[in-house]
Each structure stands twice: as C-alpha cells, then as structure tokens.
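Owing to the predicted nature of the structure, the values given are computational and were not obtained by experimental measurement.
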Amino acid sequence: MQRLNKVALPQLAQGVEQPDYARVKACGIVHLGIGAFHRAHQAGYTDTVMQSSGNLWGVCGVSLRRPAVRDLLAPQDYLYTLVTKSAVGENARIIGALQNILVAAEDPSMVVARMANADCKLVSLTITEKGYYHDPASGKLQRENIDIQHDLQQLATPKTALGFIVAALKQRYSEKQTPFTVLSCDNLPHNGKLLRGLILEFTNLIDVELATWIETTVAFPSTMVDRIVPATTENDIVEVEQLIAANDQAVVTCEPFSQWVIEDHFCNARPAWELAGAQFVKEVAPFENMKLRMLNGCHSTLAYLGYLAGYEFIYQVMEEPAFVSLIEQMMMREIIPTLEVPEDTDLLMYKNELIERLKNPSIKHKTYQVAMDGSQKLPQRLLNTIRDRIATGQDYPLLALAVAAWMRYVCGFDEEGKRIFVQDPLAERFTAIAEKDNADTECLVRQFMGITEVFGSDLAVEPGFIDNVTRCLIQLFAEGAETTVNSMVSE
C-alpha cells in the first residue's frame, strides 16, 4: 500500500479530513520534544487554526536526542494520522501543521539558528519532567549535571532544552530582535514559572546582562494540557491502513477528550488557538492542580498498583471494581478538598468524566508506560496533595498507599519475583536502596524518603507520613496489591 505523503493525499479514503491549506516551510513555532503527545495535542490545535486562517503557524519540530521520529515522518512529508478512539468508534484525521523536524544531536547550531530566526514567534516544549534538569522537590537547577555543565561551558552547541533556549535568546538579544515566547506544555505545577526560574538561574551563571534582558522581556506562560496518548503499536498502523487507504508509519492514537488552558501572557504573536477550543485565562494554577492531582495522581496510582497486580493496561485495572472505588474515594475524600475550584468547572462532573476516560477500552495505555520516571512525577501528582492534607490536619491513607506502591514498584521486582526494568533517572539509587534494605521495610521507607530531590526535607521527618507509608508498604509486600486495595476500599 502507498505510504502516506503529499502525493497520496488525493487518494485517501473518502471522508478522511486532511489539510486544505498550503504547506510551506515557514514556521512560526519551534517545538522541542516532538513526541506523540505534542502531535496528538498542540499540533492538532495548530492544524485546526491553520485550516481556518492559512499556514501562518507551521511547526518546526526538534528531536533533542534521537532521529527516530524524523526518520518516520520525513518520507511522509511530515504528515501523519491522528486517530481518536472511543468505545463507539474511531475517527482519522491527517495533520499537516508539522513542516519539518530537526535532530539537535546531529546539528545543534542549526536548531539554535532556527529558533533565533525572527520568523519564530514561539518556542514550545513537551520534553517530560526529566528534561528540565531540576530537582522536583525544590525546583532548582541540577547545576552539576553533566549535560548542564556542557551547556554552561559550550553554549554554541547545546544539548539540553534549557541550553537551546538560552543560546537562541542570546542571539536574538545580540541582534536586538524581539524575543520569542517560551511555552511549556509539560505536566509540571506552574510550568511557565518553573521554566522561567530555571532559565534565569542557568543564564545568570554565564551572562548576567542577558539574564536581566530575559527576565524583563521574555514571556513564560503557564499551561495545563490534558489528553491521554498511549504508545503507538503495530496493530495501530495496520488499523489505520484500513481507515485511510495508505500506510502511515507515524500514526498517533488518543482519546477524544482534549483540554488546553493557557495563561494569556505572550511577548510576541501567537496562534488563535481559541478557535480550536483552547482556553486563555489569567490564572492557570487551579486548572493545573485539578488535573495533576485528580487525573495524573490517579493515573500513577493505577499504574503502580495495577502493574504489581499483573495488569498490562490501565483500562484493565479499571475493569476491577475495587480499583475504581479506590480512585473515586481518593478523589472525593483526599484530593478534591485540597483544590481551588477552577472557573466554570464542576469537580464532581470532572471526577465522573475522568472515571469514564480511564475506563476507555480503546485506549491501550500501558501501566508500565505511565509508571516511567516516577521520581520526577511524585511531588506534583501525590506529595503536594499530601502536604496540603498534613497542613490542615487531615488524613491521607489512600495517597499513602499510592506512595508505598511506587516504592514497591521501584524496588525492581514484581509479586512473582520477576525483575521490573525501572525506567527512571534515579533507577540506580533505587536499586542500591532495595538491595541494601529489602529485609527491613521501615528502613527501606526511610532510605527512599531520604531522596530529597523527591521528598524534600519536610516529608522525610514527618512521623505520620513515615508511619502511613510504612504500614501500606508492609501490607503490599505481605498480601500483594490487589488484596491490599480490596481491604483498604472496604474499610
């Protein structure tokens, strides 16, 4: 079957939506981290805007490390199929917003030049939490990291997203150009504020004058992004051939639901994403806390407990009534009371919608995939909620179970004794702790809580927190995840 590309567009199956605007290489957006989530979310919003207003905002994607995504998409003229899946069916749409992909590791100077070009109005990011090179508990830059040290010393050929942003802004500053807006779209609290702080900390180490210019002129809006996007499978590629009558090696699948809340603060032009349903607001924090704590917190909880219980996919975990009850009770009793209600939002309706989204059998989101990089995710998804509960003197048994499940998971073996290949920046430290203290659960908990990058300096000395997590971890080791969940939701 013919490969999807611009020549194949007129021959696609009838009814498949496709770009009806001229696709050119002029790009108003440079996006760092051209993974599946961006292509299912922000690129889709941008494509909708381009359908209504023409190609003013093409995206130049940047893969920071590997050429795999570029190598898939280049033969397709950077076209790909976005498939939304629900229990009632599938919908295929060809996305044309992506104009080009650069691989930073191959030619970092080309990426800097593309970002420094005056045509670039906005640089956006989906690089995952670990791409920010920060300590999740403190938000401070990992100054001693080898890649950060490289960028501080050799800014002309950076390796990190922070380095590329600063290098490009430095060039724009020296040429007296208007800066681009920097738009984080990662699941981090106050992501714009966090990124701004990291950029300023980095820049102050090399050029105080440049740091002052960035601080006074560059905008870093915060955002909240929401859409479940599982990893693409070979079966997805086969199914899409039947939907569009062409072979697409870069297909992306996702759920129908999508939300994008953006702080309305830009220092340069921007796309009219509101035409595609994005919400521009004065304050993003209530939305991001709602999403990080309710969706992401429950997602991580289901991933760790579900994986340990032997489930491959999130929807399979949600077929078990006890797990559904667990996250419903967690949201109602422990999470929602910590939240400020976002504008025009019904939290009970949002909770019910989340339950149905997580049950979607068409979204094959692996528990193992959701469980990755937990050390970077725990503070914003679970620990900050616990801190709020502690501050108000309220209990948090289910949140403590979620933290214990993470500890049980990163010990590196499942309930049948099989090895878990834990993917996390701190995986070696987890292994060392588990091998040293696996016979003493209380000691194991204290060693994990001694990782200040995750737990900070407060939770490690909070007696109630230590006791709660230790009690849950003892039960997980003794009885297993499924039995533990059943016992806790029936109490």
Short side-chain donor-acceptor distance under 3.5 Å, N235 and E239: yes
Any donor-acceptor pair under 3.5 Å from T441 side chain to I474 backbone: no
In this structure, are over 12 heavy atoms from other groups packed under 6.0 Å from R66 atom CZ? no
With rounding to the nearest 0.5 Å, note down the distance linking CE in M294 to CG in N289. 12.0 Å
Are the side chains of Q42 and V225 in contact, using a 4.5 Å heavy-atom criterion? yes
Side chains of Q259 and Q279: donor-acceptor distance under 3.5 Å anywhere? yes
Between R70 and S63, is any side-chain donor less than 3.5 angstrom from a side-chain acceptor? no
Please verify the inter-ring angle class for H134 with Y132; under 30° counts as parallel, over 60° as perpendicular, anything in between as tilted. perpendicular
Are F430 and Y409 close enough, and set up right, to give a side-chain contact (heavy atoms from CB on, under 4.5 Å), and what steps lead you there? CA-CA 10 Å; F430 301 155; Y409 176 88; over 6 Å; no
Just verifying a value: how many Å separate L141 CG and L162 CG, rounded to the nearest 0.5 Å? 6.5 Å
Does any part of the side chain of L398, heavy atoms only, come nearer than 4.5 Å to the side chain of I327, both counted from C-beta? no
Flag the pair D264 and K282 as a salt bridge only when some basic side-chain nitrogen lies within less than 4.0 angstrom of an acidic carboxylate oxygen. no
Parallel, tilted or perpendicular: which one describes the rings of Y45 and W260, with boundaries at 30° and 60°? perpendicular
What's the shortest heavy-atom distance between N384 and P189, and which atoms? ND2-CG, 4.5 Å
Side chain of R408, backbone of D414: donor and acceptor closer than 3.5 Å? yes
So which heavy atom on V284 is nearest to which on M224, and how close? CG1-N, 3.8 Å
Between D236 and K364 (salt bridge meaning N to carboxylate O under 4.0 Å), is one present in this structure? no
Do V403 and Y396 have side chains that approach each other closer than 4.5 Å (heavy atoms only, starting at C-beta)? no
Throw together a table of side-chain donor-acceptor distances under 3.5 angstrom for residues 265-275, partners on residues two or more places apart or in other chains.
{"residue": "N268", "atom": "ND2", "partner": "P179", "partner atom": "O", "Å": "3.0"}
{"residue": "R270", "atom": "NH1", "partner": "E274", "partner atom": "OE1", "Å": "2.9"}
{"residue": "W273", "atom": "NE1", "partner": "T46", "partner atom": "OG1", "Å": "3.0"}

Any donor and acceptor pair, going by atom type alone, linking the side chain of T338 with main-chain N or O of E334 inside 3.5 Å? no
Which value, rounded to the nearest 0.5 Å, describes the distance between H38 atom NE2 and L125 atom CG? 10.5 Å
Ignoring hydrogens, what is the shortest heavy-atom contact between V252 and A36? Give both atom names and the distance. CG1-O, 3.7 Å
Does a side chain donor of either Q475 or S487 reach within less than 3.5 Å of an acceptor in the other side chain? yes
Taking the inter-plane angle between the rings of F455 and F465 on a 0 to 90° scale, is it parallel (under 30°), tilted (30 to 60°) or perpendicular (over 60°)? tilted
Contact summary for Y304 and A371, nearest pair of heavy atoms: OH-O, 3.3 Å
In Å, rounded to the nearest 0.5 Å, how long is the span from CG of L98 to CG of L73? 6.0 Å
Is it the case that S124 and H31 place a side-chain donor and acceptor less than 3.5 Å from each other? yes
Given side chain to side chain donor-acceptor pair (under 3.5 Å), test D47 with Y21 step by step and report yes or no. CA-CA 10 Å; D47 184 79; Y21 50 83; 2.5 Å; yes
Is it the case that the side chain of D346 and the backbone of M349 share a donor-acceptor pair, with hydrogens and angles ignored and the cut-off at 3.5 Å? yes
Is there a donor-acceptor pair closer than 3.5 Å between any side-chain N or O of Q51 and the backbone N or O of D20? yes
Ionic contact status for E353 with R357, cut-off 4.0 Å: no
Thinking salt bridges, do R227 and E255 make one under a 4.0 Å N-O criterion? no
Nearest heavy-atom contact between M50 and W57 is SD-O, 3.9 Å
Any side-chain heavy atom of L358 sitting closer than 4.5 Å to one from I228? yes
Could you tell me the separation between the CG atom of L195 and the CG atom of D186, rounded to the nearest 0.5 Å? 9.0 Å
Can you name the closest pair of heavy atoms from A481 and L308 and give their distance? CB-CB, 3.9 Å
Flag, side chain of D248 to backbone of Y80, donor-acceptor distance under 3.5 Å: no
Exam field: side chain S325 to backbone P321, donor-acceptor pair closer than 3.5 Å: no
Any non-hydrogen side-chain atom of L4 less than 4.5 Å from a side-chain atom of V240? no
Contact between T128 and Q376 at the side-chain level, heavy atoms closer than 4.5 Å - yes or no? no
Does any part of the side chain of R381, heavy atoms only, come nearer than 4.5 Å to the side chain of E129, both counted from C-beta? yes
Salt-bridge test for E263 and K193: reply yes if a basic N is under 4.0 Å from a carboxylate O, no otherwise. no
Report yes if the side chains of L401 and T301 come closer than 4.5 Å at any heavy-atom pair, otherwise no. no
Nearest-0.5 Å distance that lies between atom CZ in F313 and atom CD1 in I363: 11.5 Å
